[in-house]
Asker: 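Okay, here's the structure, questions in a sec.
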Amino acid sequence: MLSTIQPPRYLSRFPLRRRTKCRSLHILSSAEPATKTYLTDQSQILSIRDLLLSRQLSAVELTHSYLDRLKQTEPHIKCFLHVSDPDKVLRQAQEIDDKIKRNEEVGPLAGIPVAIKDNICTADMPSTGGSHILEGYRPPFDATAVKRLKDLGAIVVGKTNLDEFGMGSTTEASAFKVTANPWDLSRVPGGSSGGSAASVSARQCVVSLGSDTGGSVRQPASFCGVVGLKPTYGRVSRFGLMAYASSLDVIGCFGSSVADSGILLHAISGYDSLDATSSKREVPDFTSQFTSASSLQSRPLEGLRVGLIRETVDAGVDSGVKSAIQGAAAHLEQLGCILKEVSLPSFSLGLPAYYILASSESSSNLSRYDGVRYGNQASSDELNALYEESRAKGFGSEVKMRILMGTYALSAGYYDAYYKRAQQVRTIIRKSFKAALDENDILISPAAPSAAYKIGEKKNDPLAMYAGDIMTVNVNLAGLPALVLPCGFVEGGDVGLPVGLQMIGAAFDEEKLLKVGHIFEQTLEGYNFVPPLISNAAFT
Amino acid sequence: MAMGSSRALLILSNFKFKPTVSFSSSSSSSKSFPSFIRNNFRTRNFSAETSSSLQPPDLPRLAETARISLAPNEVEEFAPKIRQVVGWFGQLQAVDLDNVEPAIRADTEGDNLREDVPETFENKEALIASVPSYKEPYIKVPKVLNKE
């Protein structure tokens, strides 16, 4: 079925993965080159910029190539809930071409096709959060992260599928469609940001935004073989992100390389007066320390202390995943890292604590969907019945259950037993991570206990589904940044299924994660993380 | 409130917090359940008075509180799942958390509150356009006050 996909006509002009010799690149302006970098072979964003500014490719051609691939792959993968009007997108591309022609400044993300998870608000475009209750809703504003991307020249190609309001780990809990994994269409892409991960994996866009409350960026990145970056809590404004669990929610980044994820994070980071939890810290240029593979020393990470979290390679983790992680750890050692096992005894408590906090906060946050000010309204002649019916018709099963569990945990007299205890567990977890990160520069673990599983496999067993989040939820409880990048494969599908390595860093030290991740990625040999569906059919 | 239907949901009989949570209520999942989901953190003796003060979920009452009307088939579908998850939440009761301060969030930074000054939102028309029933200048809802 898939072999019928033909290469779009512009694809030959734009390689999926460039391994050319380094070229110089004007970063800031086509008129006035300010900085040069040598990373175009490691970053689609920089490579595209190079091609655009050197007039080897126009933004319109680039946009055509992505829209064509999107059109051909989308019926099989179903990443998007809404695809932008092609005419509008091409007009934006034309404007960029015109500016370049006139030697005017274009933003650092000029012409870059980006996809946005549908729980992140976009002005004048549908933003449903994957829920029937917001079907047809068009927010009157852009989320701050989206606004920043647009201001830098990025082109939004569409809104991606997700588990309703982010509640799920497979994207099957979307009210609208089930997204497939580009590596094996019978498998889930992970979730809840499954559409954003799969769309980058299928090269329907260059980078995408997701959100991560308990692993919703990192686990789908692992399942789809792309890079996923969860920033420190407070690094990125959540204004315009539909709130699920406010003490945990962050907006995160997907890219096909560490460099692209870092560039995307840099674009959306920084203080925003519209989100009181956003940090006023300065945002470093995350890519400034990147070096190209050819100039790396033989042991570029000499002396870096890496702690492998013992509890994450215990029983219950797929043996293929374990060996991929052991292989990744050995690779880090070859790069000069000092590898140690560290134990976080409170690790297993993170999962119930996370689900108590997340359901409780969701029961409060989702009370805003009452069918009165926006969203779908059920007809009724009594106000309470209007609320109850609008919510009954608008929410899916998983959302209803989490609201009910949260309502239970927050009931009078139960708060101390559930919510407060979960918050106390959060204190313990924060402290144990702090101690482990005082002794190690980064911590590593799998991103998920298994690779992508079959669609429908865990749908009716909530605890089995929740158990899959064990590797990621603790990081949200501690508010730390984490980078997931593909490190190997396990058996499954036609050519194997990708496995992601998770690197966890100290608060606000995304820079270190990106530097280590970038070196790891550049030195990892023998793997191709472009799914065969894309690399065979469209790029031969 | 139809107590008859809610009675069926009461799960007092098998609802008991235990230091190590067993999944006896769902034999299908307990078999395949990974070991790391069980808590091996230091635990304390679990006193009877703590558990007896916590009633199991009463689904119809919760649904009313959360303003979600549930169809009978949903009650049937959700009850065992919610019971299973809430039972699993219970493992935290057995953890020794004396003298541990609760953390309301990750607390990496924050509390950067802006000044409390009103601002005009420019795109007012789009805001109003998304209101399901609107009658200038009001958002229309059914009657709020009852005679009783």
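Residue numbers start from 1 in every chain, and the chains themselves are labelled A, B, ... in the order their sequence lines are given, proteins ahead of strands.
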Asker: Give the minimum heavy-atom separation between B/Gln93 and A/Ala417, together with the two atoms involved.
Answerer: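 That closest heavy-atom pairing would be NE2-O, 2.6 Å.
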
Asker: Quick one: what part of A/Tyr355 sits under 4.5 Å from any heavy atom of chain B, side chain, backbone, both or neither?
Answerer: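 For A/Tyr355, the contact with chain B is made by backbone and side chain together.
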
Asker: Go through B/Glu125, B/Glu101, B/Lys124, B/Glu115 and name the one with the most non-hydrogen pairs under 4.5 angstrom from chain A.
Answerer: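 Among B/Glu125, B/Glu101, B/Lys124, B/Glu115, the one with the most close pairs to chain A is B/Glu101.
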
Asker: Testing the basics here: between B/Arg114 and A/Leu274, what is the closest heavy-atom pair and its distance to 0.1 Å?
Answerer: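 For B/Arg114 and A/Leu274, the tightest heavy-atom pair comes out as NH1-CA, 3.8 Å.
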
Asker: Could you tell me which of A/Ser247, A/Ala385, A/Pro140 has the largest number of non-hydrogen atom pairs under 4.5 Å with chain B?
Answerer: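 Top option by heavy-atom pairs under 4.5 Å: A/Pro140.
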
Asker: List the atom of B/Val100, the atom of A/Gln424, and the distance in Å for their closest heavy-atom pair.
Answerer: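 Taking B/Val100 first and A/Gln424 second, the nearest heavy atoms are O-NE2, 2.9 Å.
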
Asker: Taking everything shown except A/Lys322 itself, do over 12 heavy atoms lie less than 6.0 Å from its NZ?
Answerer: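 Yes - once you tally the heavy atoms of other residues, nucleotides and ligands closer than 6.0 Å, there are more than 12.
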
Asker: Name the region of A/Asn460, side chain, backbone, both or neither, that has any atom closer than 4.5 Å to a heavy atom of chain B.
Answerer: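 Contact with chain B involves both backbone and side-chain atoms of A/Asn460.
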
Asker: Which value, rounded to the nearest 0.5 Å, describes the distance between A/Asp461 atom CG and B/Lys81 atom NZ?
Answerer: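 Those atoms lie 8.5 Å apart.
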
Asker: Any donor-acceptor pair under 3.5 Å linking the side chain of A/Tyr414 with the backbone of B/Gln55?
Answerer: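 Yes, the answer is positive, given that a donor and an acceptor are paired below the 3.5 Å cut-off.
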
Asker: What part of B/Ile68 gets within 4.5 angstrom of chain A, counting heavy atoms only: side chain, backbone, both, or neither?
Answerer: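 Both backbone and side chain.
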
Asker: So, taking the atom named CG in B/Leu97 and the one named CD1 in A/Ile428, what distance separates them when rounded to the nearest 0.5 Å?
Answerer: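 Here the interatomic distance stands at 5.0 Å.
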
Asker: Do any N or O atoms from the side chain of A/Arg138 and from the backbone of B/Ala126 form a donor-acceptor pair under 3.5 angstrom?
Answerer: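 Looks like no, no N/O pair under 3.5 Å.
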
Asker: So what's closer than 4.5 Å to chain B heavy atoms on A/Ala123: side chain, backbone, both or neither?
Answerer: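 A/Ala123 has no heavy atom closer than 4.5 Å to chain B.
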
Asker: How many angstroms lie between OH in A/Tyr419 and CG in B/Leu92, if you round to the nearest 0.5 Å?
Answerer: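 The CG atom of B/Leu92 is 13.5 Å from OH of A/Tyr419, to the nearest 0.5 Å.
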
Asker: If we define contacts as heavy-atom pairs under 4.5 Å, which of A/Met405, A/Arg391, A/Lys393 has the most with chain B?
Answerer: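 The option with the most such pairs is A/Arg391.
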
Asker: Heavy-atom pairs under 4.5 Å with chain B - which of A/Gln377, A/Arg402, A/Met401 has more of them than the others?
Answerer: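 The option with the most such pairs is A/Met401.
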
Asker: Checking heavy atoms, do the side chain of A/Ser379, its backbone, both or neither come under 4.5 Å from chain B?
Answerer: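 Answer is neither: A/Ser379 stays 4.5 Å or more from chain B.
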
Asker: Could you pull out the closest heavy-atom pair between B/Ile104 and A/Arg426, with the gap in Å?
Answerer: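 Closest pair (atom of B/Ile104, atom of A/Arg426, distance): O-NH2, 2.8 Å.
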
Asker: Is chain A contacted by the side chain of B/Leu70, its backbone, both, or neither, given a heavy-atom distance below 4.5 Å?
Answerer: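 It is the side chain, since no backbone atom gets that close.
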
Asker: Taking every non-hydrogen pair under 4.5 Å, which of A/Leu404, A/Thr407, A/Asn476, A/Leu366 racks up the most with chain B?
Answerer: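 Most heavy-atom pairs under 4.5 Å with chain B: A/Leu404.
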
Asker: Answer with yes or no whether the side chains of A/Glu389 and B/Ser69 bring together a donor and an acceptor at under 3.5 Å.
Answerer: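 Yes - a donor-acceptor pair under 3.5 Å links their side chains.
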
Asker: Which atoms form the tightest heavy-atom contact between A/Asp381 and B/Lys143, and what is the distance?
Answerer: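 Shortest heavy-atom contact: O-CG, 4.0 Å.
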
Asker: Report the residues that fulfil side chain to side chain donor-acceptor pair (under 3.5 Å) with B/Arg67, sequence neighbours left out, ordered by chain and then residue number.
Answerer: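 Expected list: A/Asn384.
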
Asker: To the nearest 0.5 Å, what is the distance between CG (A/Leu410) and CG (B/Leu62)?
Answerer: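 These two atoms lie 11.0 Å from each other.
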
Asker: Would you call A/Tyr408 and B/Ile82 a side-chain contact if the rule is heavy atoms closer than 4.5 Å?
Answerer: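 No - every pair of side-chain heavy atoms lies 4.5 Å or more apart.
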
Asker: Do you know the tightest heavy-atom contact between A/Gly371 and B/Pro132?
Answerer: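 In terms of heavy atoms, the two residues are closest at O-CG, 3.5 Å.
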
Asker: Do any of residues 116-123 of chain B have a heavy atom less than 4.5 Å from a heavy atom of chain A, and if so, which, in residue order?
Answerer: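 The stretch touches chain A at B/Phe121, B/Asn123.
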
Asker: With a 4.5 angstrom heavy-atom cut-off, is it the side chain or the backbone of B/Glu77 that approaches chain A, or both, or neither?
Answerer: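 Interface part for B/Glu77: side chain.
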
Asker: Answer with side chain, backbone, both or neither: which region of A/Ser397 has an atom nearer than 4.5 Å to a non-hydrogen atom of chain B?
Answerer: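 For A/Ser397, heavy atoms of backbone and side chain both lie under 4.5 Å from chain B.
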
Asker: Which bit of A/Leu477 comes within less than 4.5 Å of chain B, counting heavy atoms only: side chain, backbone, both or neither?
Answerer: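 Backbone of A/Leu477 only, per the 4.5 Å heavy-atom cut-off to chain B.
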
Asker: Check each atom of A/Thr427 against the heavy atoms of chain B and say whether the ones under 4.5 Å are side chain, backbone, both or neither.
Answerer: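 Both parts, heavy atoms under 4.5 Å.
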
